[in-house]
Amino acid sequence: MEIRLTRYIWTHTRKQQMWILLVVAVSMIPYFLSFDLPKQIVNGPIQGKGFEQPGATERFFDISFSLPWIGNVTLFNGIDLTRMETLYALSVVFLLLVIINGLFKLYINTYKGRLGERLLRRIRFELVDRILRFPPTQFKRMKGAEVSSMVKDEVEPLGGFTGDAFVSPALLGGQALTALAFIFMQNMWLGFIAAFMVGIQATIIPRMRRRLLVLGRERQITARELAGRVSEIVDGISTIHAYDTSNYERADVAARLGRIYKIRYDLYQWKFMVKFINNFLAQLTPFLFYCIGGYLALRGQLDIGQLVAVISAYKDLPGPLKELIDWDQLRQDVQVKYVQVVEQFTVDPLIDPKIQAISAVGAIAAGAAVAGAAGAAGGKDENCAPAGPLAASGLILADDSGARLLEHVSVEIKSGEKVAIIGGAASGGDVLAEAFGRLIWPEGGKVSLGGEDLLHMPESVVGRSITYASSDTYFFYGSLRDNLLYGLKHAPLAAATYEGSLAAHRKWEVVEAKLAGNPDYDVNSDWIDYIAAGATHAEDLFPSILAVLDTVQLSKDILDLALRTNIDPADRPDFAASIVDMRQALREELEEAGLNGLIAYFEPGEYNMEATVGENLLFGTATAPSVAGRAIAKNPYFRKVVSETGIDRVLFDMGYQIAENAVELFADLPPDHPFFQQLTFMTADDIPAYQLLLQKYAGKGLETATEDDRYQIIRLSFNYVEPRHRFGLLTEDLMAQIVEVRRQFHENMPEDLQHDIERYDPEKYLASASLMDNVLFGRISHKHTDGSKRIRAIVSSLLNSQGLIEQVLDIGLDFNLGAGGKRLTAVQRQKLNLARAIIRRSDYYVFNRPLPSLDHRLQDEIVRDVMKLLTRNGANPAIIWVLSNNGLTKLFERVLVFDRGALVEDDTHANLVNNDGVFKQLVTS
């Protein structure tokens, strides 16, 4: 990158800078005229110069000039105006000049802003582009938060400076010189005074501000380090909690914040000291003008109009001068920031941009059949992987500290081979796989594909011919589907369709992107390479997805995610209707299996024994926070209904008895006792509070309780479930009363509350309930200890028989993974990572211990299924698998055995078993 910011700006904005400089030059004409006009107004119509005689007139707007060899040229003779008319005319011209100067400033500032934002966009894109071209080892030495802070925050001032880099000194310097020249034209001595004070300001202030630059640089570095430290806290939060080091982290952050505070305090002190001196010097000059100018005016050496014009002109001099000094400080400041950013992003060697050039040709997939499909779709695939093996020749690998990881390894893997790599800890097989995946670059030797160096080949070839997956998983924030298909997004293969204003905006964006040096790729286009996934378009992609999910045994997990998901029935009306119909099918299925009592269904006129008292009262799902959970007890309408029906007293007595039973049973148990897990309405910390409430209201009723105490006691009854808690508090009469209160509650419910509560309806899909709750439309009985497991199995089978399983899985694919995929378990992340790899068709698959969290039985099943999937339909890709379970070597045609950074054995499984070597020791250990 260019080391000098001004040169970088000029290189990329030369044409725009020249245009705006021309506009600035033109703007100096009306700017100068605005200085001279007050003198003409004061000396002319106000003091009467030229209007000494009654009825005298002056020629206004006379446009004439003299040219050599031609003589006088008159374009307009002007208009004769009286003294009053001249005053009005000159005042109108003054107003017109104010408007013209304002419009020039508006245009110049708007143009500068647009120019700055465009270059800021260019810089940010260039920095991210360089990150994408960093060598792999660079990422081991850098913190993501610090880099993102530089891209986001530290280059922000560079954009603001871009428009000012050349325009501001021209505009401000032109304005200052214009004002100074005008003052000299009025009076030489006043001009010398103004020039002398300007010189002092231009000399002293920049020198004093150098300290501000040093402090600003320190502030920037400490703020960047703080961002990196906070990022470390977020990433290492589990370690912090595990080792009880949270207070150490607080101390570290407090120390860093103290350092930043000290720097900023010094910065403010010095900044305002400089500002005080600058303002003092700026105000000293008018003092001298009034004294000396007034003296000259009294002596008759300066007329009043000239003095007013000088003071008016100087009024516009400190502003541009101050801004010019500020510009110089900003220039030095942003130059320092720019140099720091350039230093951080100057890495050698960078990946050549040609290697990452986009290729719109269909993604490479294993086998001639896929190449033929790509050819049929768009002609010959120029990026088809070259024929030949994947090989390492005299390969030497080292870590970023220089320690050797692999020594002079040469190995060749032909297309279609199935190769297992095994070895002990730090044996070197895993780093060979990383070299095949280009995650580590050779210190010596090379890795080649078809005889060509892997590092010199385009990523559009290597990145599609070779698929690499390891145990290190990372998923981008977004849906499970987006992350699963991420490896298929190489190039925009189908353009997005825009209409109306969106189409106009897209055209504007394309133009702006090119002007800013950004590619005009459309992220809204269809980037998915369906051919590489064994499909032809989006509609037939799901079978490939389903096959991959089944292969890595992730389908059940996604089904569970889907069943816990809420969907809007308006988005999937047919599916929602099918789920409602499925309720009856589930009842019939349970009847045939003799499991009628497994689910207690919600019936409008009945009490559901497996639901809480609160659910039975509400008989619906709260969709607003104001009525959700415990908040419903504070709702005025709800309180009115329970009060008028008298059930509030019943619930108070019921809550009091629940508190008595709970305190009697659990008061003497330790807080971590497992019995508290069954106590849904009270925690161990609540026991002392309820002991006091029991003593306070012993033998008393609802009327004596305060509003808060009443709420605390009644809420216990809301969460009571008789079959679970078994205190024997629900009688037939009480259940009937609750059902009657429910009827009254819904009959007269205010309209605003109707939108906040979605009532249970057997014929309607509940948007506020999960998919599983909509299927069950009830609660699982507590009489069956394995009821939840049995119901899940029955529902899964029923979804399959009803032909809804694919739609449910499709809903599960929309599950948001969160930051880094952390909403999934470690096992699920590793399965998804492997699925992301095998959904692509490639010539070579490199699996570097992708499933270490799984037990050996599951690893065995998944490895077998993956190999079966990748070789179906006649495909014959090469599979290279670094195994965590050495017993799986029998599944492979060839085994590479590594020990202490060297390839010690290379043979078939059968031959190695018969040899008394390292392989035998590894397999039998």
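No experiment lies behind these values; they were computed from the predicted model shown. Reckoned from all heavy atoms, side chains included, excluding hydrogens, waters and symmetry mates.
Once rounded to the nearest 0.5 Å, the distance linking CD of Gln17 with CD1 of Ile9 reads 7.0 Å. Taken to the nearest 0.5 Å, the OH atom of Tyr498 stands 3.0 Å off from the CG atom of Asp522. With rounding to the nearest 0.5 Å, the separation of CG in Leu21 from CD1 in Ile108 is 9.5 Å. With rounding to the nearest 0.5 angstrom, the CG atom of Leu115 is 12.0 Å from the OG1 atom of Thr110. Atom CZ of Arg464 and atom CG of Leu488 lie 10.5 Å apart (nearest 0.5 Å). Remark: Glu126 CD to Ile131 CD1 distance equals 11.5 Å, nearest 0.5 Å.
Using the six-membered ring where Trp is involved, Tyr338 and Tyr8 have ring planes that are tilted, between 30° and 60° apart. The aromatic rings of Phe476 and Tyr486 lie tilted to each other, with the angle between the two planes from 30° to 60°.
Residues Pro30 and Phe104 come closest through the heavy atom pair CG-CE1, 3.9 Å. Closest non-hydrogen pair, Pro136 versus Arg438, comes out as CG-O, 3.6 Å. Looking at every heavy atom in both residues, Ser525 comes nearest to Ala495 through OG-CA, 3.8 Å. The shortest non-hydrogen separation linking Leu5 to Gln335 is N-OE1, 3.0 Å. Of all heavy-atom pairs between Leu493 and Ile528, the closest is CD1-O, 3.7 Å. Between Asp482 and Lys489, the closest heavy-atom pair is O-NZ, 3.9 Å.
The local environment of CZ in Arg259 is sparse, with at most 12 non-hydrogen atoms from other residues, nucleotides or ligands closer than 6.0 Å. More than 12 heavy atoms of other residues, nucleotides or ligands shown are found within 6.0 angstrom of OH on Tyr107. Other residues, nucleotides and ligands contribute over 12 non-hydrogen atoms within 6.0 Å of the CZ atom of Phe134. Sparse packing is recorded around OH of Tyr88, with 12 or fewer heavy atoms of other residues, nucleotides or ligands lying under 6.0 Å away.
Note on Arg133 versus Glu459: no salt bridge recorded, every NZ/NE/NH1/NH2 to OD/OE distance being 4.0 Å or above. In summary, Arg124 and Glu156 engage in a salt bridge, as defined by a charged side-chain N under 4.0 Å from a carboxylate O.
Side-chain atoms of Met18 and Trp10, non-hydrogen and from C-beta on, do get closer than 4.5 Å to each other. Between Arg118 and Gln16 the shortest side-chain heavy-atom distance falls below 4.5 Å. With a 4.5 Å cut-off on side-chain heavy atoms, Val510 and Lys507 do not count as touching. Two residues are said to be in side-chain contact when any heavy atoms from C-beta on lie closer than 4.5 Å; Val93 and Leu97 meet this criterion. A 4.5 Å side-chain heavy-atom check between Asp520 and Lys514 finds at least one atom pair inside the cut-off.
Proximity of a side-chain donor or acceptor of Asp129 to a complementary backbone N or O of Phe125 within less than 3.5 Å is not detected. Arg121 places no side-chain N or O within donor-acceptor distance of the main-chain N or O of Gly517, the cut-off being under 3.5 Å.
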Taking only distance into account, with no hydrogens and no angle test, what donor-acceptor pairs under 3.5 Å do side-chain atoms of residues 343-352 form with protein atoms, sequence neighbours excluded?
{"residue": "Thr346", "atom": "OG1", "partner": "Val342", "partner atom": "O", "Å": "2.4"}
{"residue": "Asp352", "atom": "OD1", "partner": "Lys354", "partner atom": "N", "Å": "2.9"}

Walk me through it: do Trp19 and Leu22 pass the test side-chain contact (heavy atoms from CB on, under 4.5 Å)?
-> CA-CA 5 Å; Trp19 163 251; Leu22 176 62; 4.2 Å; yes
